[in-house]
Peer 1: 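Handing you a structure now.
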Amino acid sequence: MAASLQELGRESVVLERGEIGQAWGRERWDSLLVGSGNRSVRFPGWEYDGDDPDGFTPGRELARHLRRYAEERNLRVRQHTAVREVECPPYASDRDEVRCRTHLSDGGSIESRNLVVAVGGYAAPRVPALAADIDPAVTQMHSHHYRNSESLPDGAVLVVGAGISGQQIADELVDAGRGVFLSVGRHGAWPRHYRGLSLHEWMSVFSLDEEYVRVGTSGGGPAEVLPGLPVAAVKDGSGDLNLGTLAGKGVVLVGSARAAEGRTLLLEDNVVAVAEASARASDM
């Protein structure tokens, strides 16, 4: 956003509570690969120019890209500057130069005409309510705090959630020799390849956004929104990562976690239905 405004000749300042690339560089697990692929690592005036467009950038490398980009573009970024409160006076009009006051945690404030809130969808870990009903003796860790298999105590591991994060973490843990259970939820993915091109190549050609891509249903019914990207970011750079391949490696698939009673987790009897739906989506 700051670079786009710069290209329009508009002044801006970016406030970052940590450092540039904080989430990618310091708040994800060590082996994380960016699931959208190297083709998506592009910013205004800076397209991907590496030799592996179909590869997947490690999270920490993406953080370095962001830092280098901000430096080369001379973007004004105030790091380690947390926002405490934003005030938009109700009497401010379109003619006023000051329509927003951003109050900082250090006591300072910034006045501006416009404000962009770019916190994304992962600003804070979301922990399900059932976590409070689990015996405290059972170690619980959100993916936000997970770093590697050594960061967990000995024993089997239950990974709750079969999205990109859950599948990558389950894959890493089973490769490390841990006993792994994966609690699935509503899950599905686009096919990874179509007519000789990868999904990421099609997305690049048509500038597709996964939120708006729909597929028609048979019989002329309403279109269905495809639920997510396939987990193509695998360590060896080839093959697929999905519920089927994880099960083949020894991960035990179980139903969706619905409640907890001490050391007992109550699961929905839906694992077969979810796995079959995921397989259908991947084979489209």
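Keep in mind that the numbers below use all heavy atoms, side chains included, and drop hydrogens, waters and symmetry copies. This is a predicted model, so every value here is computed, not measured.
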Peer 1: Applying side-chain hydrogen bond (donor to acceptor under 3.5 Å, both in side chains), can you list everything that pairs with R178, at least two apart in sequence or on another chain?
Peer 2: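 For R178, no residue satisfies side-chain hydrogen bond (donor to acceptor under 3.5 Å, both in side chains) once neighbours in sequence are set aside.
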Peer 1: Please find the pair of heavy atoms, one from S183 and one from L267, that lie closest to each other, and give the distance.
Peer 2: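 Taking S183 first and L267 second, the nearest heavy atoms are OG-CD2, 4.4 Å.
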Peer 1: Donor-acceptor pair, distance only, cut-off 3.5 Å: does the side chain of T57 make one with the backbone of V34?
Peer 2: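 No: the side chain of T57 does not pair with the backbone of V34.
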Peer 1: Output yes when R101 and E85 qualify as a salt bridge under the 4.0 Å nitrogen-oxygen rule, no when they do not.
Peer 2: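 Salt bridge between R101 and E85, a charged N being under 4.0 Å from a carboxylate O: no.
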Peer 1: Determine whether a donor-acceptor pair (N or O, by modelled atom type, separation under 3.5 Å) exists between the side chain of R113 and the backbone of D94.
Peer 2: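 Answer holds: yes.
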Peer 1: Between R67 and E19, is there a salt bridge with N-O shorter than 4.0 Å?
Peer 2: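 Yes.
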Peer 1: Check whether Q167 reaches the backbone of I164 with its side chain - one donor and one acceptor, N or O, closer than 3.5 Å.
Peer 2: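 Checking the backbone N and O of I164 against the side chain of Q167, no donor-acceptor pair under 3.5 Å is found.
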Peer 1: Are any of the side-chain nitrogens in R68 or E72 under 4.0 Å away from the carboxylate oxygens of its partner?
Peer 2: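 Between E72 and R68 there is a salt bridge, with a charged N closer than 4.0 Å to a carboxylate O.
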Peer 1: Would you check if the side chain of Y69 reaches a backbone N or O of A3 as a donor-acceptor pair within less than 3.5 Å?
Peer 2: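 Flag not set: sc Y69 to bb A3 has no pair under 3.5 Å.
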Peer 1: Distance-only, no hydrogens or angles: does the Q6 side chain make a donor-acceptor pair with backbone N or O of R73 under 3.5 Å?
Peer 2: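 Side chain of Q6 to backbone of R73, a donor-acceptor pair under 3.5 Å: yes, one is there.
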Peer 1: Which word best sums up how the rings of W46 and H65 line up, parallel for under 30°, tilted for 30 to 60°, or perpendicular for over 60°?
Peer 2: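 Perpendicular.
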Peer 1: Without swapping roles, check the side chain of N270 against the backbone of A273 for a donor-acceptor pair under 3.5 Å.
Peer 2: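 Not confirmed, N270 side chain does not pair with A273 backbone.
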Peer 1: Keeping S256 on the side-chain end and V184 on the backbone end, is there a donor-acceptor pair under 3.5 Å?
Peer 2: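 Yes, because the side chain of S256 sits within donor-acceptor range (under 3.5 Å) of the backbone of V184.
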Peer 1: Do the charged groups of D30 and R147 touch, with an N to O distance under 4.0 Å?
Peer 2: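 Salt bridge between D30 and R147, a charged N being under 4.0 Å from a carboxylate O: no.
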